[in-house]
Each structure stands twice: as C-alpha cells, then as structure tokens.
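One structure is given here, and the rest of the page talks about it.
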Amino acid sequence: MSDQDAAFVKTITPRSKDFSRWYTDVIRRAELADYSPVKGSMVIRPYGYAIWELMQQALDRRIKETGHVNAYFPLFIPESLLKKEAAHVEGFAPEVAWVTHGGDEQLEERLVVRPTSEAIIGTMYSKWIQSWRDLPLLINQWANVVRWEKVTRLFLRTTEFLWQEGHTVHETEEEAQEETLKMLGVYQDFTETELAMPVLKGLKTESEKFAGALRTYSIEALMGDGRALQAGTSHNLGQNFAKVFDISFQGRDKTMQYGWQTSWGVTTRLIGGLIMIHGDDSGLILPPRVAPYQVVMVPIPRGDWRATVLPHAERIKGELEALGIRVTLDDREEHSPGWKYAEWELRGVPLRLEIGPRDVKSEQVMLVRRDTRDKLPVPMDGLGSYIDDLLRTIQNALFEKAVAFRDEHTLRTTDRAEFNEHFEGRPGYVVSPWCGSADCEAEIKTATQATIRNLPLDPAPASGNCIQCGKLGEVDAYFAKSY
RNA sequence: CGGGGCGUGGCUCAGCCUGGUAGAGCACUCCGUUCGGGACGGAGGGGUCGGAGGUUCAAAUCCUCUCGCCCCGACCA
C-alpha cells in the first residue's frame, strides 16, 4: 500500500473491505448529506443538493421536451381518498405517516402525508377532465414524499425523500402504454447520458409491481458491490385509479369512458446510485455532467505566487467559465496542495488543474483525471476546448467502464447449481429461464435472496426450463440481489 | 420488526471489567516557516461521557428503562 493510500484509510473505509461503511463514509466525508435529529431522515447538504439540482435540470428538460408540464399538488391527503383504491392502500398503509391534529384540535378526518400522489392527483383530474379534448393530460411534479421505513440508508431509503412524479391520463389503452414506455426510455437516456449509469429496462413481475398498477416497468442499475438498484419506475395504471376516482370523459364516439393513466418517478436515490456505481477507495467519482465542479484549480503557492501564479489561474478560470465549464479555484492558504488533491478527489471532481511557477514559465498546466488518475501537461493555448473535450471523454469513459463491469457481472445459466453458487456472494445479474409463476419467484428468493429485477421488454423465447420448477420456461429473467 | 454491534470534545477512539470527578490522535484558533500527493514548530480554545431514573459518601464506569446509529435478515424508490 502506498503512502497516499494509507492516508485515505484514516478517513474512509476501503470499498473492498466494507462496501456499506465505505458508502456511508463517502457521503459524510464528501459532505453530500448528514443525519438529522429525526430518525431515518437526512439533511442533503449543499454539495449533495447541487448534484440533485443538476439532475433535476437535465431530467426536467427531458420531461418538458416530451410535452409534460410541471404543477404542484398538496402534501396532505385525506384518509378517505387514499383508501379508495384497494390495492393501493394495502400497499402503502404500513408506511404512511398520519396527521391527526391541527394545533390542539383533533382532525375530523385523519390526513396522510403523501407516500405518492395518485390519490390526490386522481381526485383533481376527475374535476379537470370532461372530454376527449382534455386529453392527454401530461403533468409532472417535483416534490417530497414520506414513507415510514423501518430500515433506512442515506439516499437509498430515507423516511422523507425528494422525487419527481409524472401523472398522465390518456384516451386509449394504447396511448397509455406508449407513454409508460416512452418515459421509461426517457429515464434510460437520462441515467445513461447524464449519470453515466447503464440501466436495464424491463417489466417488473406481478409481485414487484406498484400497488394499484396494471404493469410496472423499471430501470435497474448494477452497483459496484454486485447488487442491483431500482433506479426508476414507470407504471401503466390502466383504469384502476380512473374508476375509483371517476376520471371519465366523453369520447370521440360520444360515450362516457374512463381515462387510461400512467405514473412514473425517479428519486434522490439516484445520488446513492451515482456514488455506488462510480466511486472508489479515494471517494466519489462524479460524471462531469452532474458534477457541481467539473474542474478544480489548485495553484502551487511558491514564492510570490499571488503575483506570479494566481493571475494566470484567474484568467484561465474566466476562460473556462466562458465556455460554460463549472470550475472552482481553491486558493486557500491554510491547506497544502497535496491536501487539496486528496480532498477534491474525495469529493469526486472529474478534473484537477494544477498550476505553479513551472507551468507559468512553460505556458502549460497539469491536468489530472479523477477516474484514471492520468496526469498530463497541457499548453495554456487552447486549454478551454481541450478541457471541454476531456470532460466529454471522462463522461464516456465512466459509462463504458460501468457497462463493462455490468457485462462482466452478468451470468447466463440454465443450471440451478451454478445459479445458487453464484448467489452465495453478490455476483451481479444472473439471467435464467423462469416459468412465470410467483411461487417459483418466491422460492428462489427464500433460497438465494435474489429477486427478479425485471423481464426483458422484447423477450426472446426462454433459453431452457424454469430454473426453479423445471417446467417449461416462459422467459429469461434478470435475477439479482438488490437494494 | 427479529439477530448482532456501537453511542465519551467537530471526527476516530482509549478509559468502563477491578467506581474516586475525563484523555490521545486528527480537526479548530493564533504566530512563524512551508506548499508539485493529506507540511512542521510553538502557543491556545473546546467535552460532564446519547437521554432519564436508580444504587453509592462518590458513577463515563454498576443496575433499569429509553432514544439514536451501523451491520445481517423479513418489507419498500
């Protein structure tokens, strides 16, 4: 172990030694989030929130480009509304927070703090939709929701979290299905392009689908420890909610019909995914597109550096900013350059720019990539466009690396012994034939802790007989241990 | 919700077994020298030991209850 590695051990647990602790250490040391006094709740600190804001911008743009508009619905939902859809209540009842009092007075009807907004939105949609001309109705909201979880993890599962939830109503079943898949595709484009997080699009099994949905689709991402993370979901709600909330309209054929709905969401959990998919023993590695700072400049304070080095640094900073590159100049005098290197690596800044007297003299700077640690001298002339290109290269490299990792950790097998053996650890995905029975799914989970993450969208015929019961296989399912 | 572990300056932890009134390293403040991979010297500030109750002349230390965090399982974004 090198000296520098030894120094890191003091601050964060190595990833290979204890992935969970590493994860928590990175979040706290990089100042992404902190525990709050309320159990299961966390504070998203400025650096973590800046990442979320970048994600929001990138996703919000896509949501709007596909014709949706933003609105805001209330936090509180009357108990009676939540209870209207039977499967929905049943799914969420164990984890809702109740408001029973206003001041000292007990409320006539209890309110739930939204765990999701189908009920309140459905109620409003019922009032807003009269005619086929009111459709499609395409609304998204950015909000917080509360789910009273028993076990919580920073970002991955907290009592309160931030998300975006789209709620749409369509004239026909086909349109709703098209919308469901369209938004799943938007999520894939978003996570892969912005987060450099390759995902698997697919259909959730009956036992894993959203409470009240007809069908649930998901994108799943493989984390660095071989566990899968559900990174986003898109639901075709059919007419389930439309019927109980009376979302009906007069159709083109003059008959009254129920609307066909979808809902879809991604959450701050994605930040957790970002950490776990790219990070290393030195800390966070952020894809440039969602890095609050894409470049950190570290001047080497030698001699009269404020007069000789700093002006060059500031000039370069201005040039980079003019190109739209997010850059910070760390000219603090209380820390040595070495200290700053370690600190900004921990915080995942994609590119470090070192500039000292030697560089000024030779009209160059030192660039160091966070992902590969490659160190290269680059002339000041044309530096901006060079960095611009390099950031793109880093973004792509992170994605390719994650794809390679996923492929290396995907096993296809029709052999149950091999299947079991693989799930003794956390191997990633195992793709195996499944007969479609919930019993088999449950038995596999009991035996191996692995669940079906999802099923391919355009399934080829199964590669063999069901890995559990040996009967005719219906489809090859993606199994994994998950978060 | 079950099993296990842990709560002592901001952080990591020692002290607890065998009660006697709190300590180290890092961090922080000031001064000086430094600075191309977590610098060095000197001088300082900061905790009543997660919380409540009990035992005792005396509790960080023993007992009871309680809260929180972490890990592993059952449920979920």
Side-chain angles (χ1 to χ4, degrees), chain A residues 2-13 18-25 28-29 34-42 91-96 115-116 144-165 187 204 207-211 216 218-221 229-235 263-273 282-283 298-303 305 309 331-346 352-360 365-366 368 373 375 377 442 445-446 449 451 481-483:
Chain A
S2 70
D3 288 349
Q4 75 190 54
D5 288 340
F8 294 135
V9 173
K10 284 191 291 193
T11 57
I12 54 178
T13 307
D18 184 340
F19 195 87
S20 290
R21 271 199 71 172
W22 167 83
Y23 174 76
T24 309
D25 286 350
R28 301 195 69 185
R29 285 283 285 113
D34 202 356
Y35 294 104
S36 81
V38 183
K39 180 189 164 107
S41 298
M42 68 173 188
F92 283 103
E95 51 185 26
V96 297
T116 179
N144 59 340
V145 285
V146 167
R147 298 184 187 175
W148 218 258
E149 298 287 350
K150 288 165 184 155
V151 178
T152 57
R153 298 283 313 279
L154 291 169
F155 288 114
L156 300 177
R157 185 174 300 110
T158 46
T159 300
E160 177 185 0
F161 57 92
L162 304 182
W163 76 346
Q164 137 303 292
E165 48 178 326
Y187 286 158
K204 282 288 186 185
S207 59
E208 299 263 337
K209 79 176 184 188
F210 177 74
T216 290
S218 73
I219 50 170
E220 305 278 334
L229 181 77
Q230 181 170 303
T233 48
S234 185
H235 315 292
S263 69
W264 26 272
V266 301
T267 77
T268 36
R269 165 182 264 195
L270 283 175
I271 298 173
S282 299
V298 179
I300 308 302
R302 183 170 274 174
W305 69 283
V309 174
D331 61 355
R332 290 176 293 176
E333 300 208 50
E334 63 266 36
H335 295 299
S336 69
W339 188 91
K340 292 174 185 176
Y341 299 166
E343 189 66 17
W344 290 109
E345 278 173 7
L346 177 56
R352 178 171 77 240
L353 188 159
E354 304 172 17
I355 178 166
R358 294 206 300 260
D359 303 302
V360 170
V365 299
M366 269 297 174
V368 186
R373 289 229 160 81
K375 200 164 180 171
K445 184 175 182 181
T446 305
Q449 293 173 36
T451 51
K481 291 184 185 176
S482 73
Y483 275 97

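The sequence lines fix the lettering, A, B, ..., with proteins before strands; numbering per chain opens at 1.
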When rounded to the nearest Å, what value does the distance between [atom1] atoms of [N] and [M] take?
N      : M      : atom1 : result
G7(B)  : C75(B) : C1'   : 27 Å
C62(B) : G25(B) : P     : 26 Å
C13(B) : G5(B)  : C1'   : 16 Å
A24(B) : C65(B) : P     : 35 Å
G38(B) : C17(B) : C1'   : 38 Å
A27(B) : G46(B) : C1'   : 12 Å
C16(B) : A59(B) : C1'   : 10 Å
C49(B) : G23(B) : P     : 15 Å

Looking at Arg21(A), I want to see if its CZ is surrounded by more than 12 non-hydrogen atoms of other residues, nucleotides or ligands under 6.0 Å.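 Not more than 12 within 6.0 Å, no.
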
Trp163(A) atom CH2, neighbour heavy-atom count above 12 within 6.0 Å: yes

Could you tell me which residues satisfy salt bridge (Lys or Arg N to Asp or Glu O under 4.0 Å) with Arg28(A), sequence neighbours excluded, listed by chain and number? Asp34(A)

How long is the gap from CG on Leu156(A) to OG1 on Thr267(A), to the nearest 0.5 Å?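 If we round to the nearest 0.5 Å, Leu156(A):CG and Thr267(A):OG1 are 9.0 Å apart.
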
Nearest 0.5 angstrom please: Ser36(A) OG to Glu160(A) CD, how far? 9.0 Å

Which base, if any, makes a Watson-Crick or G-U wobble pair with [N], both distances under 3.5 Å?
N      : result
C35(B) : none
C69(B) : G5(B)
U21(B) : none
U64(B) : A52(B)
A27(B) : none

Taking protein heavy atoms under 4.0 Å as touching, what does nucleotides 6-11 of chain B look like 5' to 3' if B marks base contact, S marks sugar-phosphate-only contact and - marks none? ------

Protein-proximity profile, nucleotides 68-77 of chain B, B/S/- by nucleotide at the 4.0 Å heavy-atom cutoff, equals SSSSSBBSBB

Return each pair, listed once, that meets salt bridge (charged side-chain N to carboxylate O under 4.0 Å, His left out) where at least one residue sits in residues 333-342 of chain A; pairs must be two or more places apart or across chains. Arg306(A)-Glu333(A), Asp330(A)-Lys340(A)

Among G38(B), C28(B), C35(B), which nucleotide has an atom closest to any side-chain atom of His335(A)?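 Looking only at side-chain atoms, His335(A) lies closest to C28(B).
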
Trp339(A) has a side chain; which of G37(B), G36(B), G38(B) sits nearest to it? G38(B)

To the nearest Å, give me how far apart [atom1] ([X]) and [atom2] ([N]) are.
X         : N      : atom1 : atom2 : result
Glu334(A) : U29(B) : CD    : P     : 7 Å
Leu346(A) : G37(B) : CG    : C1'   : 14 Å
Trp305(A) : C35(B) : CH2   : C1'   : 10 Å
Leu353(A) : G36(B) : CG    : P     : 16 Å
Glu343(A) : G37(B) : CD    : P     : 17 Å
Lys340(A) : C35(B) : NZ    : P     : 13 Å

Taking OP1 and OP2 of C35(B), is either one under 4.0 Å from a side-chain nitrogen or oxygen of Ser336(A)? no

With Tyr483(A), which residues qualify under ring pair (Phe, Tyr, Trp, His ring centres under 6.0 Å), at least two apart?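 Applying ring pair (Phe, Tyr, Trp, His ring centres under 6.0 Å) to Tyr483(A) gives none.
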
Any donor-acceptor N/O pair under 3.5 Å between G36(B) base and Arg352(A) side chain: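 Counting by modelled atom types and ignoring angles, no donor-acceptor contact under 3.5 Å is found here.
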
Between the main-chain N or O of Phe210(A) and the side-chain N or O of Thr216(A), is there a donor-acceptor pair closer than 3.5 Å?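 Looks like yes, one N/O pair under 3.5 Å.
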
Using the six-membered ring wherever Trp is involved, compare the ring planes of His335(A) and Trp339(A) and label them parallel, tilted or perpendicular (cut-offs 30° and 60°).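 Aromatic pair His335(A)/Trp339(A) classed parallel.
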
Could you list the residues that satisfy side chain to side chain donor-acceptor pair (under 3.5 Å) with Gln164(A), not counting sequence neighbours? Asn140(A), Tyr187(A)

Given the ring of Tyr341(A), does Arg352(A) sit roughly above its face, with NZ or CZ under 6.0 Å from the centre of the six-membered ring and within 45° of the axis?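 Yes, a cation-pi geometry holds between Arg352(A) and Tyr341(A).
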
NA contact type, Pro357(A), heavy-atom cut-off 4.0 Å: base, sugar-phosphate, or nothing? base

